[in-house]
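Okay, so here's the structure we're looking at.
Please read these numbers as outputs of a predicted model, since none were measured by experiment. Below, chains carry the letters A, B, ... as their sequence lines are ordered, and counting in each starts from 1.
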Number of protein chains: 2
Amino acid sequence: MSQAELLTRSPTSAQMRIALQHYIDAINARDTDAVVALYADGATIEDPVGSPAIQGREAIAAFYAKVVPLGLKLRMVAPARGSHGNAAAMAFEVDAPAAGGGRSIVRVIDVMTFDAEGKFTSMRAFWAPDDMAAG
Amino acid sequence: MSQAELLTRSPTSAQMRIALQHYIDAINARDTDAVVALYADGATIEDPVGSPAIQGREAIAAFYAKVVPLGLKLRMVAPARGSHGNAAAMAFEVDAPAAGGGRSIVRVIDVMTFDAEGKFTSMRAFWAPDDMAAG
């Protein structure tokens, strides 16, 4: 495959769904390196949507180094959706330690875009303060 | 409220979730005018994501004039998610007449952005050919 073909190629929806499941599994396994490795260089994260985005491998590694050790449990609530382009989306719940002890559930939809190699070039997480409930 | 305040104001996540439910209900009721009325002037639709977007009330009205009379049945599969900005997302299933007779189920995630009045300024629908199954 030529460089030009590679640059314009999108992963299939099946490949994007597998990458989303790897993301869920890596967070549940508390494997920060595996999570960060799913991202392309220069990728962006906007989590939650409406907050300033972060960019680049170093910022992304720092983000997950804070988040992953919390011991989150992520569970898709429906099959991930593909698209007719280089993007996919999934609805999931995050079972997280609550600030005051116990657990809380956060309802989230993530949208990822992908490069030709199937790495995430962006992640946007849709959740509001009132998407949280006691677990 | 001043014009400047209105322009920078976002609807609450609760308001955005209600608008998403109105969208589902209006399509299920085959009320094309009610669906189109949820959109702001100049809004864009990209359905499916990866296809050319359409823009403006006339194009949006033509789009739903084709889609709504099909008799689709939409059902959210999880509560709609808000954000910390002017966007919200929902995972749902579309029960639609299949090309060869019978019904098919299409799994979709829609992402909408909103103006200060709670009208949709954009809709992007994530679904791939392999997000369809026999109903």
Side-chain angles (χ1 to χ4, degrees), chain A residues 8-20 45-54 74-94 105-116 118 121-133, chain B residues 8-20 45-54 74-95 105-114 116 118 121-133:
Chain A
T8 56
R9 190 171 156 262
S10 288
T12 66
S13 284
Q15 289 168 331
M16 293 191 287
R17 283 191 207 92
I18 289 169
L20 293 180
I45 290 178
E46 186 182 351
D47 183 357
V49 169
S51 66
I54 63 169
L74 276 56
R75 185 180 66 84
M76 277 199 221
V77 297
R81 275 69 163 145
S83 71
H84 288 55
N86 65 343
M90 62 175 171
F92 60 103
E93 291 186 345
V94 180
I105 302 291
V106 190
R107 294 184 292 267
V108 186
I109 284 178
D110 271 7
V111 172
M112 270 74 156
T113 55
F114 294 79
D115 67 11
T121 51
S122 69
M123 184 274 264
R124 304 182 75 218
F126 292 82
W127 61 272
D130 55 0
D131 284 314
M132 283 187 231
Chain B
T8 57
R9 190 170 156 264
S10 288
T12 66
S13 283
Q15 289 168 330
M16 293 190 288
R17 282 190 208 92
I18 289 168
L20 292 181
I45 291 179
E46 186 183 350
D47 183 358
V49 169
S51 67
I54 63 169
L74 277 56
R75 186 179 66 84
M76 276 199 222
V77 298
R81 278 64 164 148
S83 70
H84 288 55
N86 66 341
M90 62 176 170
F92 60 103
E93 291 185 347
V94 181
D95 181 333
I105 302 291
V106 189
R107 296 184 291 268
V108 186
I109 284 178
D110 271 7
V111 171
M112 269 76 155
T113 55
F114 294 79
T121 50
S122 69
M123 182 274 263
R124 304 182 75 219
F126 292 82
W127 61 273
D130 57 358
D131 285 314
M132 283 187 231

Using non-hydrogen atoms and a 4.5 Å limit, figure out which bit of B/Met16 sits close to chain A: side chain, backbone, both or neither. neither
Most chain B-contacting option - heavy-atom pairs closer than 4.5 Å, from A/Ala91, A/Ala89, A/Ala14: A/Ala89
Non-hydrogen atoms of chain A under 4.5 Å away: do they reach the side chain of B/Ala78, the backbone, both or neither? side chain
What residue, out of B/Asp130, B/Val77, B/Thr12, has the most heavy-atom pairs lying under 4.5 Å from chain A? B/Asp130
Winner by heavy-atom pair count (cut-off under 4.5 Å) against chain B, out of A/Arg124, A/Glu46, A/Arg17: A/Arg17
Does any heavy atom of chain B fall under 4.5 Å from the side chain of A/Val108, the backbone, both, or neither of them? backbone
If you count heavy-atom pairs under 4.5 Å with chain A, which of B/Pro129, B/Ala125, B/Ala80, B/Ser51 comes out on top? B/Pro129
So, does A/His84 use its side chain to make a donor-acceptor pair with the main chain of B/Ala128 at under 3.5 Å? no
Best-contacting candidate, B/Gly85, B/Pro48, B/Gly82, against chain A by heavy atom pairs under 4.5 angstrom: B/Gly82
Closest non-hydrogen atoms of B/Ala87 and A/Phe126, given as atom of the first, atom of the second and distance, are CB-CE2, 3.6 Å
